[in-house]
Structure formats: structure tokens, C-alpha cells
Amino acid sequence: MKAMVLNSYGPDALFELAEIPDPVATPGHVVVKVAATSVNTVDTMIRSMGADLPLSPQLPAVLGMDFAGTVVAIGEGVTDFAVGDEVYGCAGGLMDLPGALAEYINADARLIAHKPKTLSMREAAALPLVGITAYEGLTRAGVGEGQTVLVQGGAGGVGHIAIQIARHLGAKVSATGRGADQMALIEELGARPVDFTTQKVQDYVAEHTSGVGFDVVFDSVGGQNMTNSFAAAKLNGQVASTVAMVEIDLTPAHFRGLSLHVVFMLIPMMHDVGRQTHGDILRILADLADDGALKPIVDEQKFGWADLGAAYAHLTNGSKVGKVIVEA
């Protein structure tokens, strides 16, 4: 089969078209003909950092974690899928798991689900990594009916999905962003917009929670922004972070009695622990999408294999709106 392969790592490393062996459906796996894959921040990190990132595959490497496509072969022991099924998932592109920038991917059946019927292949490929991340963070923090939730980075890939899931769970949602376009998107998704460039934490906490603080803060920005998340949470509140790679003083969290949940959704893929949880979440997300409660936003610019470098640049240069998709 044809695949786009990295033969070196670095910020400007080239994806090269190569012929590699067709995958075989191993026990517990299905072979999927890939229709589309998305570009995630972790993909750009792998390409740029290579061996400096513990989850990077050995060279030559086939990246691409998310995908949507059609099942063409079934491995021993698989009962939930059949040849011809349209599926989606996040099942490769790191460590010893070949990715979706290829004609076919041999995917662990526990890591996939039937594609939402109401979404296109492009839209479905945008959902797995960010959807699982958002769902895991919100449910671990116990989001429920009537709660107040702040999504930090509400116009981002994870954030815009978190807004929709939190609303489905019954929460009253606010979300941070910047500029008119992000404010409009956040409002369109049903959240109260907060421009973090013009509003101080204490001001929007006062406006949106009468000064009490948010029951749950979902932080998809991370880094030093976590101090803002701590300040925005109510006493004994919950903070979920998807980007906790930072040295930070936890004293404010201590004196507010906060519970901190760190979400790293790649753990099941990396360590083969709890993989079925991902398939279960993907089925829930598919139901939400088909019920009209969840829709991923896909960047309008289209990319194919020949445009991979441009797709990665489009994600990193800040010009994209929604998830960046590469179609086979």
C-alpha cells in the first residue's frame, strides 16, 4: 500500500510517499481503508521532536492518530464489526502503532466505533482524540445538571467539543477565547463568551457565578494558565487539565481545596490499559452527534497527501478554524 512516511524528524521534516506492506488483520483488530485523518497538536510535536518525545515511533514513521474509513478485513475474535462498516477512531501514529497516513490501518477493535451516521468522513475524523479527551475530563470532574462550567480555550479543538458535551450533561457553560471570531463561535456553541485579553478572572467569575466560582474548570490551555483556572474555581471545586506539563505552585489549589484531574488520553494506546473505554466513549459521542447534540468544527481548507506539510503548518501558525483534516 501507499503511505506518507517520515524518514527523519525535525520541524521541517518531509513526508515522503512510499510503498509499504499491506497490513494484515491480527487477532482483535480490523483493517480499515482510511478516508480521512486529522492533524492534532501531538502529531506536530512528534514530527518536530522525534526521539525527544517518548511516544514517538521509530523511523521510518507513519503518523496520523485519528481516522475515519471503511472496514475491509476482520481479525480473529472481532464480533462487533463487519466488512463494509464505516468506523472512526484513534488507534495509531505513536510508538509501535502505525498511523493513518496510509491507505489502510490495522486498528485495535477496542479503540474504534461505528462512525456517526450524520457526520461525513471528514467530520468523523475530526472527533476521536479531542472528543475522548473532552469527555474524559468532564466526566472525571463530575460535570452534571445545573453546574457552572468554565472551558478555557473554548474555540480550540478540545475546547469546542467540551462546550457541547458539558451542555449536554446539563451544565451552564462559559468559555474563554480572544477576538470577535472566537467570541462568536463560543456563543454559537451555546456558551457565554469570555475574552481573556480584556476580562480579568475575578471580573468574569463575578459576572458569571456571582463571585462564587465555577463548579468545574476544564482547562485545554494549560501551562501558566492553570493559575487562572485555580482562581476561577469555587471552593472545593474541580479543575481538569489536558495540558499539565508545567512546574507550578499548588498553594492556591490547596487553600481553595481544589481537586485536579490531569487528562492524557493516549495512555490506553501507549500502555494497552483500558482500551475498551475509548471504544465505549466513541459510541457515546456517535450517539450525541446523531442526536444533534455534538458537531465537530472542521477547517474549511482542504488538504490531501500532497499537502501534508501545509496542513501541519496550518495547524501550528494559528490561522485554522476548527480541526485540520487530511483526506486520502
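The main-chain N or O of Val87 is never found under 3.5 Å from a side-chain atom of Lys115 such that the two would form a donor-acceptor pair. With hydrogens and angles ignored, the 3.5 Å screen pairs a side-chain donor or acceptor of Ser241 with a backbone N or O of Val243. Checked by atom type and distance alone, the side chain of Asp22 pairs as donor or acceptor with a backbone atom of Met1 at under 3.5 Å. Side-chain N or O atoms of Asp43 include one that pairs as donor or acceptor with a backbone N or O of Asn40 at under 3.5 Å. No donor-acceptor distance shorter than 3.5 angstrom exists from the side chain of Asp291 to the backbone of Ala293, with no hydrogens or angles considered. Of the possible donor and acceptor atoms, none in the side chain of Gln182 sits under 3.5 Å from a partner among the backbone N and O of Gly179. At least one donor-acceptor pair closer than 3.5 Å links the side chain of Ser120 to the backbone N or O of Glu123.
In the displayed structure, Arg140 atom CZ is contacted under 6.0 Å by more than 12 heavy atoms of other residues, nucleotides or ligands. Open room surrounds CD on Glu300; 12 or fewer heavy atoms of other groups in view lie less than 6.0 Å from it. Heavy atoms from other residues, nucleotides or ligands lying under 6.0 Å from CG of Asp181 number 12 at most. Few gaps surround OH on Tyr88; more than 12 heavy atoms of other groups in view lie less than 6.0 Å from it. Other residues, nucleotides and ligands place more than 12 heavy atoms under 6.0 Å from the CD atom of Gln276.
Of the residues listed (Val143, Leu150, Thr242), the one engaging Phe218 in a side-chain contact (heavy atoms from CB on, under 4.5 Å) is Thr242, and it is the only one. Remark: of the listed residues Asp249, Ile248, Val246, Ile248 is the sole one forming a side-chain contact (heavy atoms from CB on, under 4.5 Å) with Thr227.
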Please list every donor-acceptor pair under 3.5 Å in which a side-chain atom of residues 253-271 meets a protein atom from a residue at least two apart or in another chain.
unit_1	atom_1	unit_2	atom_2	d
Arg256	NE	Phe230	O	3.3
Arg256	NE	Ala233	O	3.1
Arg256	NH2	Ala233	O	2.6
His261	NE2	Gln238	OE1	2.7

Show every donor-acceptor pair shorter than 3.5 Å between a side-chain atom in residues 153-165 and any protein atom, with sequence neighbours excluded, or say none if there are none.
unit_1	atom_1	unit_2	atom_2	d
His160	ND1	Gly156	O	2.9
His160	ND1	Gly157	O	3.0
His160	NE2	Ile297	N	3.0
Gln164	OE1	Lys295	N	2.8
Gln164	NE2	His160	O	3.0
Gln164	NE2	Lys295	O	3.2

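Counting all heavy atoms, side chain and backbone alike, Val62 lies closest to Ala3 at CG2-CB, 4.4 Å. Scanning all heavy atoms of the two residues, the minimum distance from Ser8 to Ala13 falls at O-CB, 3.3 Å. Nearest heavy-atom pair across Leu315 and Thr41 is CD2-N, 3.7 Å.
Tracing side-chain contacts under 4.5 Å through hydrophobic residues (I, L, V, M, F, W, Y), one reaches Tyr9 starting from Val42; they form part of the same cluster. Note on Leu17: it clusters hydrophobically with Leu63, by side-chain heavy-atom contacts below 4.5 Å among ILVMFWY residues. Linking ILVMFWY residues whenever their side-chain heavy atoms come closer than 4.5 Å, directly or via other members, leaves Met121 and Phe81 in distinct clusters. If you chain together hydrophobic residues whose side chains sit under 4.5 Å apart, Leu169 and Leu282 fall into the same group. Both Leu101 and Val5 belong to a single network of hydrophobic side chains, linked directly or stepwise wherever heavy atoms of I, L, V, M, F, W or Y lie under 4.5 Å apart.
Looking at Asp66 and Thr37, their side chains never bring a donor and an acceptor atom within 3.5 Å of each other. Side-chain atoms of Ser229 and Asp219 form a donor-acceptor pair, as typed in the model, at a separation below 3.5 Å.
Both the sub-6.0 Å distance and the 45° axial angle are satisfied by Lys33 relative to the ring of Tyr104.
A salt bridge does not link Lys200 with Asp203: none of the charged nitrogens is closer than 4.0 Å to a carboxylate oxygen. Looking at Arg275 and Asp280, no side-chain N of the basic residue comes within less than 4.0 Å of a carboxylate O on the acidic one, giving no salt bridge. In summary, Asp195 and Arg178 do not engage in a salt bridge, as defined by a charged side-chain N under 4.0 Å from a carboxylate O. By the 4.0 Å N-to-carboxylate-O rule, Lys234 lies close enough to Asp215 to be salt-bridged with it.
For Asp85, the salt bridge (charged side-chain N to carboxylate O under 4.0 Å, His left out) criterion is met by no residue, not counting sequence neighbours. The side-chain contact (heavy atoms from CB on, under 4.5 Å) search around Asn228 returns Gln152, Val201, Asn225, not counting sequence neighbours. For Glu188, the side-chain hydrogen bond (donor to acceptor under 3.5 Å, both in side chains) criterion is met by no residue, not counting sequence neighbours.
Among residue pairs with one or both ends in residues 276-303, those qualifying as ring pair (Phe, Tyr, Trp, His ring centres under 6.0 Å) are Phe303-His314; sequence neighbours excluded.
Between Tyr312 and Phe15, the ring-plane angle classifies as tilted under the 30° and 60° cut-offs.
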